[in-house]
Amino acid sequence: MNSSSRNTGALKPDELKAVYAISRVVAEQLEIDDALSQIVRLARPVFIFDNAVLYLQDPKSEILEPTFARAIGRGRTSEADLSWGEKAARETFSTGQIHLSKPEPDKDSDRLKQGYYLGQPMLVGGNIIGALVFIRFGGPNFSKEQINLAEFIATHVTQVLERRRLVTRVANLEAQRKLAQLQSDFLATVSHELKTPLGFIKGYSTTLLREDTEWSKSEQKEFLEIIDDEADRMAELVNNLLDSSRLQAGKLAMNFADMDLRLYLEELVDRLKIRFPDLSIKITAKKEEYNLSGDSKRIIQVLENIIENAIKYAPNSPITIWLAENHENISIQIEDFGPGISEEHLEHIFERFYRVPDNDRSIRGSGLGLYICQQIILSHSGEISVRSEIGKGTKFMISLPIKRNMLRAKDQQ
Ligand code: ADP
């Protein structure tokens with residue numbers, strides 16, 4: 001039988017009221033400190049004590065340690081000098097039984113040295129996890145009813161502890177499950193992404209090597225170009241994987257130097273126009289030069305990724321790039337007028353491996369690009385954000401400090 005229900009039958013109305021209020025606290029509170037403070041406050045009018053101390057065994061060191069202590073009655077102004085019932089706690093803990101002790105009779109002694117101790121074992125599933133000790137200075141002795149009430153309180157405190165332990169356990173299990181899911185998604189994505197180009201490379205090279213067929217020069221060139229393209233794709237994916245794991249470990253070093261962002265951007269746009277001859281892309285800038293301190297290779301990697309995403313996910317849409325500057329930052333905005341990204345996905349697109357599930361599945365990608373972009377921008381003490389509207393388009397906004405932020409940059413090294 002549950003000891004708390006056994007005890008409540010003999011309680012007086014005000015005691016019953018306190019007991020009920022304590023049950024409510026237990027049902028609602030998960031924070032052990034808050035719960036105990038409230039329990040002590042509620043118990044005190046019906047059950048006089050000066051100190052309440054909760055001792056719990058540390059699961060690692062196995063030492064019994066005071067985790068919560070309240071001095072409320074006599075001597076609350078001299079907490080440091082009070083006895084906190086360590087001996088009673090150890091006794092309760094070693095026997096697993098209720099412990100009662102009172103001082104040796106000594107008329108002259110200070111009341112604060114005349115401690116009456118009541119130790120209640122804290123039991124979870126038959127195992128002892130600690131002791132709850134109540135202390136009265138100068139008596140009187142704890143009565144049978146008060147011992148019952150203390151037992152009720154101890155049972156309830158145990159319930160708070162047990163509930164908190166379960167909640168932590170569930171949270172840990174959930175985190176483990178998510179991690180396992182992430183790892184398996186990662187392996188599936190990476191294997192798939194590597195297998196596709198590998199399949200083409202293998203297929204076309206085997207085809208070229210067949211001895212029963214003569215391939216014309218132009219066919220051979222076409223097949224070799226496919227092999228070349230697919231090998232590039234594989235190299236890109238492997239580089240992305242390496243960058244992403246280095247960035248995550250904080251080990252991707254940035255080579256800061258003065259750079260003219262506009263110049264690099266124009267070179268990038270020229271290269272893209274050669275690869276995508278139908279591309280409509282325009283840079284709008286008021287100034288000739290936009291100088292800042294940054295790792296040009298990495299910043300261009302970011303811009304290339306965002307523009308290539310616009311080409312992939314907003315095909316046939318014009319792309320507009322704006323450059324602007326105030327006295328501290330350079331801002332770059334890259335906008336397309338494609339299908340856009342819905343709000344529920346927009347908040348995740350900078351996460352590692354996140355791809356919008358409604359994407360056309362034939363569009364290749366690993367979901368690493370924007371994660372890498374964000375990490376690179378953060379390494380420059382900059383900011384990156386995105387705005388998008390379904391059916392209207394997507395705009396990425398980057399802000400980079402003109403001068404290298406020495407503090408943040410130092411963290412990077
Ligand atoms: P990847 O392109 O390899 O999938 P990214 O991290 O670069 O990975 O992008 C994450 C996702 O964000 C993409 O899968 C895509 O769904 C979405 N996305 C990125 N840019 C755009 C864009 N301009 N328009 C629509 N969706 C986009």
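Numbering of ligands and ligand atoms starts at 1, following listing order.
What you find for D336 and A310 is that their closest heavy atoms are OD2-CB, 3.7 Å. Looking at every heavy atom in both residues, M122 comes nearest to L161 through CE-CD1, 3.7 Å.
Contact between K312 and ligand 1 is present, with at least one heavy atom of the residue lying under 4.0 Å from the ligand. Under the 4.0 angstrom criterion for non-hydrogen atoms, G338 is not in contact with ligand 1. The shortest heavy-atom distance from A314 to ligand 1 is not under 4.0 Å.
Using cut-offs of 30° and 60° on the angle between ring planes, the pair H345 and Y354 is tilted. Between H380 and F256, the angle of the ring planes lies from 30° to 60°, which puts this pair in the tilted group.
Considering backbone and side-chain atoms together, F396 places no N or O closer than 3.5 Å to any N or O of ligand 1. Considering both main-chain and side-chain atoms, Y371 never comes within under 3.5 Å of ligand 1 through any nitrogen or oxygen pair. Not one N or O of Y354 is nearer than 3.5 Å to an N or O of ligand 1, by distance alone.
The cationic group of R352 lies under 6.0 Å from the six-membered ring centre of Y371 and within 45° of the ring axis, placing it in a cation-pi geometry.
Looking at N305 against ligand 1, only its side chain comes within 4.0 Å, counting heavy atoms. The side chain of T394, and not its backbone, has at least one atom closer than 4.0 Å to an atom of ligand 1 (non-hydrogen atoms only; side chain from C-beta on).
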Practice task
Could you give me the CA-CA distance, side-chain angles and deciding distance for E383 and N329, then say whether side chain to side chain donor-acceptor pair (under 3.5 Å) is met?
Solution key: CA-CA 10 Å; E383 282 169 17; N329 299 301; over 6 Å; no
Exercise for the section: Walk me through it: do E308 and K312 pass the test salt bridge (Lys or Arg N to Asp or Glu O under 4.0 Å)? Expected result: CA-CA 6 Å; E308 280 194 9; K312 274 199 298 189; over 6 Å; no
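Taking only non-hydrogen atoms, the option from N309, I341, I307 nearest to atom 27 (C) of ligand 1 is I341.
Ranking the protein heavy atoms by distance from atom 23 (N) of ligand 1 puts D336 OD2, 2.8 Å first. Nearest protein heavy-atom neighbour of atom 17 (C) of ligand 1: V356 CG2, 3.9 Å. Atom 12 (O) of ligand 1 has I349 CG2, 3.7 Å as its closest protein atom, hydrogens excluded (heavy atom only). Counting only heavy atoms of the protein, atom 5 (P) of ligand 1 lies nearest to L370 N, 3.6 Å. For atom 21 (C) of ligand 1, the closest non-hydrogen atom on the protein side is Y313 CD1, 3.8 Å. Annotation: atom 3 (O) of ligand 1 to nearest protein heavy atom, S366 N, 2.8 Å. Nearest non-hydrogen protein atom to atom 4 (O) of ligand 1 is R355 NE, 2.5 Å.
Using a 4.0 Å cut-off between a side-chain N of Lys or Arg and a carboxylate O of Asp or Glu, K87 and E91 do not qualify as a salt bridge. Ionic pairing of K297 and D295 is not present here: no N-O contact between side-chain nitrogen and carboxylate oxygen is shorter than 4.0 angstrom. Note on R233 versus E236: no salt bridge recorded, every NZ/NE/NH1/NH2 to OD/OE distance being 4.0 Å or above.
At least one donor-acceptor pair under 3.5 Å links the side chain of S388 to the backbone N or O of G393.
Near G367, meaning under 4.0 Å from one of its heavy atoms, ligand 1 places the atoms 1 (P), 3 (O), 4 (O), 6 (O), 8 (O).
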